[in-house]
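Here is the structure we will look at.
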Amino acid sequence: MAGCEYGDLERMVRSDGIEDSLTRLRDAGVYITIDEFKGRQPVVRGRIQFQCRPQDFDNPFLHGSVQASSSGTRGARTQITVNLHRSRHSALSHAVALSAHGVFGKPSVLWLPILPSSAGFGMLLQSSKMRMPPLRWFSPVSTRNVNPAFSKRLAMRYVVYAGRLFGVRMPLPEYVSGGEVHAVAECLLEILQGGFGCVVFCTPSSAVQVCHSVMARGRDLSSVTFVVSGEPLTPARMAELRRAGADAVNLYAFAEGGIVGFGCADAAKPAVDDIHALSGAVGVVQRRRETPFGGGEVGAFLFTTFLDRAAKVLLNVESGDYGVLETRDCSCELGTVGLTTHLHSIRSFDKLTGEGMTFVGTDLVRIIEGVLPARFGGASTDYQMLEYEDGHGGTQLDVLVSPNVGAVDESALVSLLLGELRKGGDTNRMMSEVWRERGIVRVRREQPRVTAGGKLLPLYICREDLSTRSPAA
């Protein structure tokens with residue numbers, strides 16, 4: 001439709017390089033937005049219009065695979081194929097990244113969800129291929145709550161027992177609820193007694209929770225490295241990990257595109273979440289676009305998959321994330337092997353909506369994770385903004401505050417939040433004023449909610465009707 005045949009594409013790549021070619025294709029309309037990819041909106045380019053489905057992008061040449069899914073954070077889950085050949089490739093990349101941070105070969109623990117999520121299962125395979133199978137596998141969601149298909153439960157047990165048969169001691173997952181973080185803390189403290197340190201694969205919010213549990217015991221995690229994914233690794237969360245003596249390596253991936261890159265090991269990196277993109281596996285360019293819910297323009301990432309074993313065949317497809325994309329040399333091991341494409345300050349197109357007022361959630365992350373804990377106590381994981389329908393066609397916004405925080409002046413908290421939101425442009429000031437007049441922001445004393453994929457996000461879009469519940473319930 002863009003007037004580009006295969007021969008044109010081949011000549012363009014050879015003469016201009018991959019990124020410039022992807023940019024030219026983008027400018028010609030060859031890209032897919034996240035809503036188009038998910039099938040929520042038709043693809044419209046001029047007079048041309050057609051509809052996509054996520055399965056239209058499936059790689060038809062995969063074999064030896066297990067079906068998993070994305071976490072469903074942005075909507076319906078997308079079916080993903082976990083391929084053994086791709087897991088091997090990812091394991092090799094992981095080994096180089098862990099070596100760059102000086103933690104390859106250390107004892108490891110998984111704290112990631114079970115199937116149908118691909119996170120825990122995929123990391124189990126990759127860790128085992130690296131000859132460092134996890135000693136324990138903790139899952140933030142239980143089989144009973146997720147209720148995966150029998151085939152997925154069978155696949156998970158089959159892989160574990162087959163691995164054991166061939167000499168790899170793979171652990172079965174153990175469910176750890178939000179109130180049982182102490183179980184993970186006790187496991188880490190026991191492993192640290194061996195004197196070899198520990199690598200923990202989990203989300204940033206899980207890492208923060210276990211750090212606070214350990215510090216409450218008067219201990220620290222000075223030889224623990226968290227390899228975090230699934231949520232943004234923000235400066236506030238990194239500061240909390242470092243207070244416990246721990247370190248963190250950012251792993252940026254999304255289910256449909258696989259691993260995009262690993263955290264830079266250079267002490268002079270510009271941001272805590274700075275990553276080296278795996279240029280041999282994925283290409284990335286940006287497209288300036290207005291967010292679909294207002295709030296300004298962002299540089300959305302467009303990804304292209306190169307591996308023949310990729311789960312999805314993507315050509316300039318949005319992941320729903322944006323951030324800083326740059327090329328620079330780096331002195332860490334990942335830089336010395338030629339990975340010069342860096343991404344950092346990575347955030348999602350999270351939205352917050354109320355009374356017709358919407359904006360990009362980046363500033364809200366700063367308030368939820370930094371401003372509120374600094375003023376009222378607790379950790380960044382003790383606060384969350386919950387959006388839900390009020391039962392009358394309107395939207396209610398509640399600030400969830402964990403009961404662990406203690407007494408909180410609720411009116412002062414709402415005033416502080418709205419005051420911080422006013423510090424943006426004209427749109428933010430108008431939004432804050434409308435919300436103040438309508439009184440749609442309230443405080444709800446309960447634990448922040450975890451997604452089905454085990455993620456604890458600053459913003460949580462609730463689909464159930466909570467209008468009959470008390471804000472203090």
Side-chain angles (χ1 to χ4, degrees), residues 64-66 68 82-115 117-139 155-174 184 187-203 206-207 221 223-230 246-253 258-265 275-276 278 280-281 307 309 311 332-334 336-337 339:
S65 308
V66 175
V82 179
N83 178 263
L84 298 179
H85 293 285
R86 190 173 71 255
S87 293
R88 176 182 180 274
H89 180 275
S90 297
L92 298 175
S93 301
H94 262 96
V96 176
L98 295 180
S99 173
H101 288 269
V103 295
F104 178 75
K106 291 184 177 294
S108 66
V109 170
L110 294 188
W111 192 3
L112 294 168
I114 57 174
L115 288 172
S117 169
S118 60
F121 187 75
M123 193 58 67
L124 176 70
L125 294 173
Q126 294 161 33
S127 299
S128 300
K129 186 63 179 178
M130 285 189 286
R131 306 292 198 275
M132 48 184 296
L135 301 178
R136 303 276 292 275
W137 178 6
F138 299 103
S139 173
M156 189 163 54
R157 288 186 172 271
Y158 172 80
V159 167
V160 169
Y161 288 120
R164 293 178 180 179
L165 179 64
F166 285 97
V168 180
R169 294 190 60 82
M170 292 184 177
L172 285 169
E174 308 168 50
V184 182
C187 171
L188 295 186
L189 292 175
E190 181 179 347
I191 292 174
L192 293 179
Q193 291 178 3
F196 299 104
C198 186
V199 177
V200 184
F201 298 92
C202 63
T203 65
S206 296
L221 297 174
S223 54
V224 170
T225 298
F226 293 97
V227 179
V228 296
S229 60
D247 194 11
V249 178
N250 194 35
L251 165 62
Y252 178 44
I259 298 174
V260 176
F262 295 94
C264 178
I275 64 137
H276 290 264
L278 299 179
L307 297 179
R309 298 296 178 178
C332 84
E333 187 175 336
L334 294 173
T336 59
V337 298
L339 301 179

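Taking 4.5 Å as the limit, some side-chain heavy atom of L98 sits within range of a side-chain heavy atom of V227. Looking only at side-chain heavy atoms (C-beta outward), S99 and E333 come within less than 4.5 Å of each other. Contact check for S93 versus I259: no side-chain heavy atoms found under the 4.5 Å cut-off. Using a 4.5 Å heavy-atom cutoff, the side chains of T225 and H101 are not in contact. L251 places a side-chain heavy atom less than 4.5 Å from the side chain of F262.
Checking side-chain atoms of S128 against main-chain N and O of L124 turns up a donor-acceptor pair under 3.5 Å. Side-chain atoms of T203 never come within 3.5 Å of backbone atoms of G230 as a donor-acceptor pair (strictly under, hydrogens ignored).
The shortest heavy-atom contact between S127 and P134 is CB-CD, 3.8 Å. Heavy-atom minimum distance, V109 versus C187: CG2-SG, 4.3 Å. Nearest heavy atom pair, residue F104 against residue A95, reads CE1-CB, 3.7 Å. Closest approach of G120 to L110, counting heavy atoms only: O-CD1, 3.8 Å. Across all their heavy atoms, V249 and G263 have their closest contact at CG1-N, 4.0 Å. Counting all heavy atoms, side chain and backbone alike, A207 lies closest to V228 at CB-CG1, 4.4 Å.
The line from OG1 of T336 to CG of L334 is 7.5 Å long, rounded to the nearest 0.5 Å. To the nearest 0.5 Å, atom SG of residue C264 and atom NE2 of residue H276 are 3.5 Å apart. Taking SG of C202 as the start and CE of M123 as the end, the distance is 10.5 Å to the nearest 0.5 Å. The distance from atom CZ of F196 to atom CD1 of I191, rounded to the nearest 0.5 Å, is 12.5 Å. Here S223 contributes atom OG and D247 contributes atom CG; the two are 11.5 Å apart, rounded to the nearest 0.5 Å. Between F201 atom CZ and Q126 atom CD the span is 8.5 Å, to the nearest 0.5 Å.
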| Criterion side-chain contact (heavy atoms from CB on, under 4.5 Å) on R88 and L92, from CA distance to verdict | CA-CA 6 Å; R88 176 182 180 274; L92 298 175; 3.9 Å; yes

Review item, side-chain donor-acceptor pairs of residues 161-169, under 3.5 Å, at least two apart:
{"unit_1": "R164", "atom_1": "NE", "unit_2": "M170", "atom_2": "O", "d": "2.8"}
{"unit_1": "R164", "atom_1": "NH2", "unit_2": "M170", "atom_2": "O", "d": "3.0"}

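A search for side-chain hydrogen bond (donor to acceptor under 3.5 Å, both in side chains) contacts involving E174 returns R136, not counting sequence neighbours. Applying the ring-ring contact (aromatic ring centres under 6.0 Å, His included) test to F138 and every residue at least two apart in sequence or in another chain returns nothing.
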